[in-house]
Structure formats: structure tokens, C-alpha cells
Protein chains: 2
Amino acid sequence: MDFHKKLREKGLKATPQRLLILNIIKEGGHIDIEDIYNKLKKIIPSISIATIYKNLKLLVDKGIIKDVNISSFKQMYEVNTKEHIHLICKKCRKIYDLDFGEIDIKNFIEKKIDDKIDKIEINVFFLCEKCK
Amino acid sequence: MDFHKKLREKGLKATPQRLLILNIIKEGGHIDIEDIYNKLKKIIPSISIATIYKNLKLLVDKGIIKDVNISSFKQMYEVNTKEHIHLICKKCRKIYDLDFGEIDIKNFIEKKIDDKIDKIEINVFFLCEKCK
DNA sequence: CTTATTGCAAAGGTTTTGCATCGCT
DNA sequence: AGCGATGCAAAACCTTTGCAATAAG
């Protein structure tokens, strides 16, 4: 995952702030603005929250990251990889990713609605093994 | 859909404000706070936005309404009926509901993850007939 | 060197809170 | 009559904006 290259391909400058934001999101898996800001402040204490807001919006627009919307959670971000399902434990609130490849759900729904799907968001709430 | 009864069953008072909020959400299908406020102001000009915030939170807690989270949309609300899929036209942004009954998707995913699902949110982005 | 990006501070918007009053049951 | 709900105004919180200074390419 060469973020520097990815940014340049989209015509964006690869600033330290941007690269750090991307790495923090990647490490966090699913992370919200506040957590990104707190982690970044430890590395660049002068970082401005405005820089983070601006970058998150820009990175979503350029398709480098995705925003994650799950009811009862704050807005979160994830690095844009393959489409996947979010499995959310209703008890510990940990979020697990499950690849679409493993389950051909997009295809399944396309057949059902007899139309082409552009994008699909699936959030499944369950009780994870640890919490059982 | 007797909202008065539903509220009393949950131990809530059936105030005019509350009943109107519920009816506005029902009519709107999927509606955000701002739109609820504007519609309500025409009926009760003295309505306070705080009342709406308090009620929406309460009604979600009590399971009378559901919050709808779709990326790039504002937080919206809908009356809690059956579980369903949201089909969202990427062009006109109209939201269509599709019953789970019609497509046995919950079952499909439960089999795939070999576990029981509590709740599932599915948002599908497509191009509706009118926009084609 | 040029132009995008950053950090700051202020503005703008949204949501919550506390409290006195009101009204459903 | 009692207690929950409302409306108000202030506070708290969150996000955006404009701009001068900075740094990436």
C-alpha cells in the first residue's frame, strides 16, 4: 500500500500530515476523526483539526479512503480496499470485516432486484465469539 | 398504526408534538431533523427544536422509530416497520424500500457467517428507472 | 518558483442542557 | 395532583472558512 504513490496519482501532494492520516486510518481499521486527531497530535503536536477535516473530505472524494456509516456509531473512515461487510458485535462494539468475495452477496442482490448495483453497504449486528 | 397506543405501551405520554413527529416521519418515509422541524413549525409554530431532538432520541431508544444511516446523507429517521433494504438512486437520490421478505437475504448471510444475526442494515446504490 | 497545503482563529452550524412552565393521564 | 414533556435560552460541541505562512514538486 504505497500511499505516496497513490496520492501523486490523484494529483495530491504527499505531505507528512496526509501520509500520517492515511497510516493512522490503515492501522485503526475503522477510526473516527477524534481518534485520528489524538493519534496525530502525538506525532505532530502542531497539527490542526482543520487540516484533518479538509484531508478526510478530500481523500474520500478522491476515493483513497471510504467513510463508514453505522447506526449508533460516529462517522468513521477506512482505507479503501475491496468492498466488504461490516460485522459489528452488539456487545463489545468491535467491527469485523468480511470480504464480499467470500460471499457473493452483490450478485445475489443484483439478481433479486434485476438491476445493476453501483455500491453496497452492509452492516450486520451480531454477538461475537468472545462475547458469547 | 396507532401511535397513541404505541407510546402508552412504552410508558410515554402521547403529546401532540410526539404524535405529529411520528406522523411526519411516517409520511416522509425517510426524513431528517431539519425537514421534520420545518413541517412541524407549520402546524405548531411554537415548537422547539430541542423538543424534536429529545423526542427523536427517545423514540429511537424505545424502538418506535429507527435511525437511517446512509453515507453522504444526513441522519434520517423512519417508523420502525419490517426490516428492509434501502435502494438509493445515485442520481436523483430517492430512497426506495425493499422488504426482506421478498429476498431472503438475512438467511443468506446467516448461513454464510454461520451465526445468528440480530440486525442488518443494507444500503444499495443504483440508478433508478426514471434516471436511466 | 509555483501552487497546493497547512495552521490559526473566527464564524457558522448542530446538538445538548437546565430550568421554569405546562399539560397528559 | 403528580410527573413527564415542552419551550426557551445558553452552553457545548462539531465542522467549515478565509487567509497568511509554509513546503512539496
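Protein chains get the first letters and strands the later ones, always in sequence-line order, with residue 1 at the start of each.
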Taking atom [atom2] of [N] as reference, at what distance in whole Å does atom [atom1] of [X] sit?
{"X": "I52(A)", "N": "dT15(D)", "atom1": "CD1", "atom2": "C1'", "result": "13 Å"}
{"X": "D32(A)", "N": "dC13(D)", "atom1": "CG", "atom2": "P", "result": "16 Å"}
{"X": "I49(A)", "N": "dA10(C)", "atom1": "CD1", "atom2": "C1'", "result": "16 Å"}
{"X": "L20(B)", "N": "dA5(D)", "atom1": "CG", "atom2": "P", "result": "16 Å"}
{"X": "K10(A)", "N": "dA4(C)", "atom1": "NZ", "atom2": "P", "result": "18 Å"}
{"X": "Y53(A)", "N": "dG7(C)", "atom1": "OH", "atom2": "C1'", "result": "15 Å"}
{"X": "D61(A)", "N": "dA4(C)", "atom1": "CG", "atom2": "P", "result": "16 Å"}
{"X": "K74(A)", "N": "dC13(D)", "atom1": "NZ", "atom2": "P", "result": "12 Å"}

Counting only N and O atoms by type, is there a donor-acceptor contact under 3.5 Å from the side chain of [X] to the main-chain atoms of [Y]?
{"X": "E110(A)", "Y": "I117(A)", "value": "yes"}
{"X": "R18(B)", "Y": "K13(B)", "value": "yes"}
{"X": "N69(A)", "Y": "N69(B)", "value": "no"}

Has [X] got its NZ or CZ under 6.0 Å from the middle of the six-membered ring of [Y], at an angle within 45 degrees of the ring axis?
{"X": "K119(B)", "Y": "F125(A)", "value": "yes"}
{"X": "K111(A)", "Y": "F108(A)", "value": "no"}
{"X": "K94(A)", "Y": "Y96(A)", "value": "yes"}

- request: Can you check each nucleotide of nucleotides 18-25 of chain D against protein heavy atoms at under 4.0 Å and return B for base, S for sugar-phosphate only, - for none, in 5' to 3' order?
  value: B-----BS
task: Using a cut-off of strictly less than 4.0 Å, decide whether Q17(B) has a side-chain nitrogen or oxygen near OP1 or OP2 of dG7(D).
output: yes
message: Please determine whether a side-chain nitrogen or oxygen atom of S48(A) lies at a distance below 4.0 Å from atom OP1 or OP2 of dC8(C).
response: no
Please list every donor-acceptor pair under 3.5 Å in which a side-chain atom of residues 35-46 of chain B meets a protein atom from a residue at least two apart or in another chain.
unit_1, atom_1, unit_2, atom_2, d
N38(B), ND2, E34(B), O, 3.2

query: Looking for any heavy atom pair under 4.0 Å, which part of the strands does K57(B) touch: base, sugar-phosphate only, or nothing?
result: sugar-phosphate
- prompt: Among the clusters formed by ILVMFWY side chains lying less than 4.5 Å apart, do F73(B) and Y77(B) turn up in the same one?
  reply: no
field: F3(A) reachable from V60(A) in the ILVMFWY side-chain graph, under 4.5 Å edges
entry: yes
Near-strand residues of residues 33-47 of chain A, defined as heavy-atom separation under 4.0 angstrom from DNA chain C: S46(A), I47(A)
